[in-house]
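Report on the following structure.
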Protein chains: 2
Amino acid sequence: MRVSQRTEYGIRAMIALARDFDDVVSIKELAEREAIPEPFLEQIMADLRRAGLLKSTRGPYGGYRLKSAPDEITVGRVMEILEGTLSPARCASGCARQRGCSTRSVLDRIERSITETLDDIYLKDLIGDTVDE
Amino acid sequence: MRVSQRTEYGIRAMIALARDFDDVVSIKELAEREAIPEPFLEQIMADLRRAGLLKSTRGPYGGYRLKSAPDEITVGRVMEILEGTLSPARCASGCARQRGCSTRSVLDRIERSITETLDDIYLKDLIGDTVDE
DNA sequence: CTTATCCTTACTATTTTAGTCAGGTTTAAA
DNA sequence: TTTAAACCTGACTAAAATAGTAAGGATAAG
């Protein structure tokens with residue numbers, strides 16, 4: 001149950017933007033700072049923007065910034081966007097297996113626990129963790 | 001951050017054995033009950049046995065049973081064994097990135113949260129969830 | 001000694017991941 | 001109004017992981 005590289009990059013980028021909350025930061029700058037392949041980060045940032053977590057400005061001196069404050073964005077939300085879902089379960093929505101499906105109830109329960117955990121960690125809480133040198 | 005089919009099967013099998021704690025259950029029986037491909041389940045059970053969670057008996061009337069009581073085995077432990085690790089982080093042990101690695105501290109923190117959560121759910125807690133029909 | 005069961009290793013098709021690439025769009029500034 | 005810096009998009013690809021399958025060996029009950 002591993003977090004993809006993609007998600008890891010996304011979380012790190014979001015934390016970097018949280019640290020620099022007042023500035024617009026370009027992908028190039030971000031990619032260098034966090035040692036992330038630039039075109040890959042570009043995709044990731046686009047997803048986060050489409051999901052409503054980022055604002056972008058185009059053109060020279062453009063870049064990204066957080067749309068909300070670091071104490072309003074959870075790691076759970078970031079992961080949900082980048083992983084597609086946080087659900088470890090299989091039969092998400094239209095599953096044929098209905099009542100009493102053991103997979104469903106058990107993994108749903110595990111999922112709820114993980115989700116609650118991740119929804120309690122805010123970007124703000126993670127800013128201090130890093131040194132980046 | 002999805003749980004693999006393999007792990008899902010393993011968890012379900014463990015719960016089934018927890019329900020049937022006093023009996024020895026064969027892979028064939030388990031596979032039928034839980035609708036899991038038999039030879040695949042065979043591999044999974046072998047891993048859980050090697051890790052010390054199951055006892056096996058060979059020959060006719062043989063099969064598997066839990067080595068410890070359902071209130072002593074956590075979902076976290078089962079997942080740890082089947083997923084290889086529970087760590088969502090990348091640079092597990094011999095990573096070159098040392099002090100102040102942002103990846104490390106942030107994902108480590110997330111990992112701790114998830115691990116704590118999963119280590120608090122026991123097989124016993126999950127027995128009642130199922131109907132299996 | 002036969003059969004049910006565990007046990008192990010090797011193989012394979014499919015899917016996912018982690019990118020790359022090529023080009024288009026917007027906008028600040030010269 | 002031209003240039004260039006940035007965002008934006010979709011298509012492509014190599015490598016790894018996943019979800020099995022296959023084949024046969026070891027053990028023990030009857």
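Throughout, protein chains are lettered first and strands after them, A, B, ... in sequence-line order, and every chain is numbered starting at 1.
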Out of dA19(D), dG19(C), dG20(D), whichever nucleotide has its closest atom nearest the side chain of F40(A): dG19(C)
d(CG, L82(A); P, dA18(C)) in whole Å: 11 Å
Side-chain touch L30(A)/Y64(A), heavy atoms, less than 4.5 angstrom: no
Distance-only donor-acceptor test (3.5 Å): side chain R58(A), base dT25(C): yes
Integer-rounded Å distance: dA28(C) P and Y61(A) OH: 12 Å
For DNA chain C, the residues among residues 48-56 of chain A that have a non-hydrogen atom under 4.0 Å from it: none
Could you list all N or O pairs between the protein and nucleotides 13-17 of chain D that sit under 3.5 Å apart?
none

Among dT5(C), dA19(D), dA4(D), the one nearest P60(A) by side-chain distance: dA4(D)
Among dT20(C), dT21(D), dA28(C), the nucleotide that comes nearest once only the side chain of P39(B) is considered: dT21(D)
Identified side-chain contact (heavy atoms from CB on, under 4.5 Å) counterpart of I73(A) within the set L123(A), L17(A), L48(A): L123(A)
Close side-chain approach of D47(A) and Q43(A), heavy atoms under 4.5 Å: no
Separation of dT16(C) C1' from Q5(B) CD (nearest whole Å): 15 Å
Side-chain touch I127(A)/P70(A), heavy atoms, less than 4.5 angstrom: yes
Donor/acceptor link under 3.5 angstrom from Q43(B) side chain onto base of dC7(C): no
Atom-pair distance (CD on E42(A); C1' on dA6(D)), nearest Å: 9 Å
Worked verdict on L82(A) versus R77(A) for side chain to side chain contact (heavy atoms under 4.5 Å, CB included): CA-CA 9 Å; L82(A) 295 178; R77(A) 182 71 185 122; over 6 Å; no
Test log, rule side chain to side chain contact (heavy atoms under 4.5 Å, CB included), inputs L118(B) and S113(A): CA-CA 8 Å; L118(B) 295 177; S113(A) 293; 5.6 Å; no
Integer-rounded Å distance: dA18(C) P and I36(A) CD1: 12 Å
Presence of Y9(B) side-chain N/O under 4.0 Å of dA19(D) phosphate oxygens OP1/OP2: no
Protein-nucleotide distance (R65(B), atom CZ; dC6(C), atom C1'), rounded to Å: 16 Å
Interatomic distance where CG belongs to D47(B) and P belongs to dA19(D) [whole Å]: 14 Å
Euclidean distance, atom CE of residue M45(A) to atom C1' of dC7(D) [Å, nearest integer]: 11 Å
Verdict with reasoning, R65(B) to D23(B), per side chain to side chain contact (heavy atoms under 4.5 Å, CB included): CA-CA 7 Å; R65(B) 42 179 310 182; D23(B) 299 330; over 6 Å; no
Salt bridge (Lys or Arg N to Asp or Glu O under 4.0 Å) between D119(A) and R112(A), intermediate numbers included: CA-CA 10 Å; D119(A) 283 348; R112(A) 270 197 301 280; over 6 Å; no
Atom CZ of F21(B) with >12 non-hydrogen neighbours under 6.0 angstrom: yes
Out of dC7(D), dC7(C), dA4(D), whichever nucleotide has its closest atom nearest the side chain of Y64(B): dC7(C)
Earlier contact from the 5' end, DNA chain C, for G59(B) and T57(A): G59(B)
Residue pair T74(B), I121(B): steps toward the side chain to side chain contact (heavy atoms under 4.5 Å, CB included) verdict: CA-CA 6 Å; T74(B) 66; I121(B) 307 179; over 6 Å; no
